[in-house]
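See below for the structure under consideration.
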Number of protein chains: 2
Amino acid sequence: MTREHAPCTPRSRNGRDYFCSVELALMMIGGKWKPLILWGLGTRGTLRFGELRRLLPAVTQKMLTQQLRELESDGLVLREAYPTLPPRVDYSLTERGRGLLPILESLSAWARDVEAQDQPGRPD
Amino acid sequence: MTREHAPCTPRSRNGRDYFCSVELALMMIGGKWKPLILWGLGTRGTLRFGELRRLLPAVTQKMLTQQLRELESDGLVLREAYPTLPPRVDYSLTERGRGLLPILESLSAWARDVEAQDQPGRPD
DNA sequence: CTGTATCCACTTTGATACTG
DNA sequence: CAGTATCAAAGTGGATACAG
């Protein structure tokens with residue numbers, strides 16, 4: 001690590017301040033349910049709102065809507081609404097969102113190592 | 001993405017529930033100032049408490065102590081206290097903490113792409 | 001079916017003062 | 001120097017009811 005990869009200059013996005021790019025990334029994926037949502041959309045592809053709800057029963061409707069809105073406004077998730085009756089809304093990952101998946105997998109692998117170290121003899 | 005890399009089985013750590021390993025990782029690095037602290041220790045090596053304070057002036061003393069305690073109890077940061085007068089405490093990354101650095105760099109690179117796309121003509 | 005709106009509990013963060 | 005204690009402010013999440 002000879003170069004400075006993440007300059008710590010104060011910046012701001014949507015009114016929230018941050019100092020390094022890692023913080024920005026965490027602002028976008030750090031919501032309580034966002035990793036789960038991203039993972040769901042990443043592994044299953046396009047999902048309707050109701051399908052997401054059934055996939056993540058622990059998430060209340062309010063939070064699911066809210067987190068999806070934030071993911072959408074950060075350009076990670078694409079929302080496509082069809083003004084039919086009853087209404088139908090499809091959610092999927094954008095290119096930007098898909099670019100995050102390999103990193104989430106690395107994070108996941110790292111965390112699974114941590115779990116394995118903390119609880120030896122319970123490899124899965 | 002043909003395999004399921006992060007099984008979404010409910011688990012718990014320190015009394016907090018989570019469902020996938022990515023969430024666990026976010027629990028450990030998702031604190032408001034943790035990325036900054038990890039980055040500081042990653043790029044500068046061992047730092048005393050006061051050096052960290054000067055490096056991160058925006059972080060209050062209370063928060064710095066608190067986040068360091070959590071990083072320590074998650075095994076990411078090593079705390080070495082010398083009972084001298086005045087007291088002296090050194091902080092550094094553990095092996096586990098260092099394992100996170102390449103991933104933080106990927107996250108950082110991804111976020112800088114996002115910044116570049118959002119604000120064309122301001123590459124840095 | 002896919003949302004909003006409201007209210008409340010809980011948690012997190014900050015400001016300030018004090019200590020070994 | 002490196003904290004701890006306390007209180008107040010702000011943010012977050014959940015339950016419930018209602019709407020197009």
Side-chain angles (χ1 to χ4, degrees), chain A residues 10 12-19 23 26-37 40-41 44 46-74 77-92, chain B residues 10 12-19 23 26-37 40-41 44 46-74 77-92:
Chain A
S12 165
R13 182 190 174 88
N14 295 350
R16 278 184 67 180
D17 295 343
Y18 63 98
F19 302 87
E23 277 189 290
L26 256 22
M27 286 168 51
M28 297 200 236
I29 66 171
K32 186 169 182 182
W33 306 108
K34 285 180 186 175
L36 240 33
I37 295 172
L41 293 175
R44 320 258 172 151
T46 300
L47 290 175
R48 296 186 52 175
F49 184 80
E51 293 176 316
L52 264 174
R53 283 207 72 183
R54 281 186 293 279
L55 187 61
L56 310 171
V59 189
T60 63
Q61 188 178 45
K62 171 190 171 183
M63 287 312 297
L64 185 53
T65 303
Q66 179 183 307
Q67 305 272 291
L68 281 169
R69 288 286 181 282
E70 294 180 13
L71 290 170
E72 188 195 2
S73 87
D74 284 329
V77 159
L78 176 66
R79 178 181 189 272
E80 295 173 288
Y82 305 95
T84 56
L85 214 68
R88 168 207 178 116
V89 182
D90 286 351
Y91 291 95
S92 56
Chain B
S12 165
R13 182 192 174 89
N14 295 350
R16 279 184 67 179
D17 294 344
Y18 63 97
F19 301 87
E23 277 188 291
L26 256 23
M27 285 167 53
M28 298 199 237
I29 66 171
K32 187 169 182 183
W33 306 108
K34 286 180 186 176
L36 239 35
I37 295 172
L41 293 175
R44 318 258 173 153
T46 300
L47 290 175
R48 297 185 52 173
F49 184 80
E51 293 176 318
L52 264 173
R53 282 208 72 182
R54 282 188 291 279
L55 187 60
L56 310 171
V59 189
T60 63
Q61 190 178 43
K62 171 190 172 183
M63 288 311 297
L64 185 54
T65 303
Q66 180 182 308
Q67 306 270 292
L68 281 169
R69 289 287 181 282
E70 294 180 13
L71 290 170
E72 187 195 2
S73 87
D74 283 330
V77 159
L78 176 67
R79 178 181 187 271
E80 294 174 288
Y82 304 95
T84 57
L85 215 67
R88 168 208 178 114
V89 182
D90 285 352
Y91 290 95
S92 56

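All values below were derived from every heavy atom in this structure, side-chain atoms included, with hydrogens, water molecules and symmetry-related copies excluded. Per chain, numbering begins at 1; letters A, B, ... match sequence-line order.
In this structure, B:Thr65 and A:Thr60 both approach DNA chain D, and ranking their closest nucleotides by distance from the 5' end singles out B:Thr65. In terms of position on DNA chain C, the residue among B:Pro87 and B:Gly31 whose nearest nucleotide sits closer to the 5' end is B:Gly31.
Comparing C:dG20, D:dT12, C:dT4 by their closest approach to the side chain of A:Arg16 singles out D:dT12. Taking every side-chain heavy atom of A:Gln66 into account, D:dG13 is the closest of D:dG13, C:dG20, C:dG3. Of the candidates D:dG13, D:dT4, C:dG14, D:dG13 carries the atom nearest the A:Gln67 side chain, counting heavy atoms from C-beta on. Side-chain atoms of B:Pro86 lie closest to D:dC1 of the nucleotides C:dT12, D:dA2, D:dC1. With D:dA2, C:dA15, C:dC1 as the choices, the nucleotide that has an atom nearest any side-chain atom of B:Val89 turns out to be D:dA2. Of all nucleotides listed (C:dG3, D:dA2, D:dG13), C:dG3 comes nearest to the side chain of A:Gln61.
At the phosphate of C:dT2, OP1 or OP2 sits under 4.0 Å from a side-chain N or O atom of A:Arg48. At D:dT4, one or more side-chain N or O atoms of B:Arg69 fall inside 4.0 Å of OP1 or OP2 (strictly under the cut-off). Phosphate proximity of C:dG14 to B:Trp33: present, with a side-chain N or O under 4.0 Å from OP1 or OP2. Here A:Arg53 does not reach the OP1 or OP2 of C:dC1: none of its side-chain N or O atoms lies under 4.0 Å away. Not one side-chain nitrogen or oxygen of B:Arg79 sits closer than 4.0 Å to the OP1 or OP2 atom of D:dA2. Using a 4.0 Å cut-off, no side-chain N or O of B:Lys62 falls inside it from OP1 or OP2 of C:dT16.
For the side chain to side chain contact (heavy atoms under 4.5 Å, CB included) test with A:Ser92, the passing option among A:Thr46, A:Leu47, A:Val77 is A:Thr46; the others fail. Here the options are B:Thr60, B:Thr65, B:Leu64, the test is side chain to side chain contact (heavy atoms under 4.5 Å, CB included), and the partner is B:Lys62; only B:Thr60 passes.
Taking atom NZ on B:Lys32 and atom C1' on C:dT13, their separation rounds to 6 Å, with Å as the unit. Spacing between atom CG of A:Asp17 and atom C1' of D:dA10 amounts to 15 Å, rounded to whole angstrom units. Atoms CD (B:Glu80) and C1' (D:dA2) sit 16 Å apart, rounded to a whole Å. Counting to the nearest Å, the P atom of D:dC1 and the CG atom of B:Asp90 are 14 Å from each other. We find that CE of B:Met63 is positioned 9 Å from P of C:dT12, with the value rounded to whole Å. Across the protein-nucleic acid pair, B:Phe49 atom CZ and D:dA2 atom C1' stand 6 Å apart, rounded to whole Å. Atom pair A:Leu64:CG and C:dC1:C1' shows a separation of 13 Å (rounding to whole Å applied). Counting to the nearest Å, the P atom of C:dT19 and the CG atom of B:Leu85 are 17 Å from each other.
A:Glu23 places no side-chain N or O within donor-acceptor distance of the main-chain N or O of A:Tyr18, the cut-off being under 3.5 Å. For the pair B:Glu72 (side chain) and B:Arg79 (backbone), a donor-acceptor distance under 3.5 Å is absent.
Note on B:Arg44 versus B:Glu51: no salt bridge recorded, every NZ/NE/NH1/NH2 to OD/OE distance being 4.0 Å or above.
Side-chain contact between B:Leu68 and B:Phe49 is present, with at least one heavy-atom pair separated by less than 4.5 Å.
Within the nucleic acid shown, B:Tyr91 comes within 4.0 Å of sugar-phosphate atoms alone, with no base atom in reach, counting heavy atoms only.
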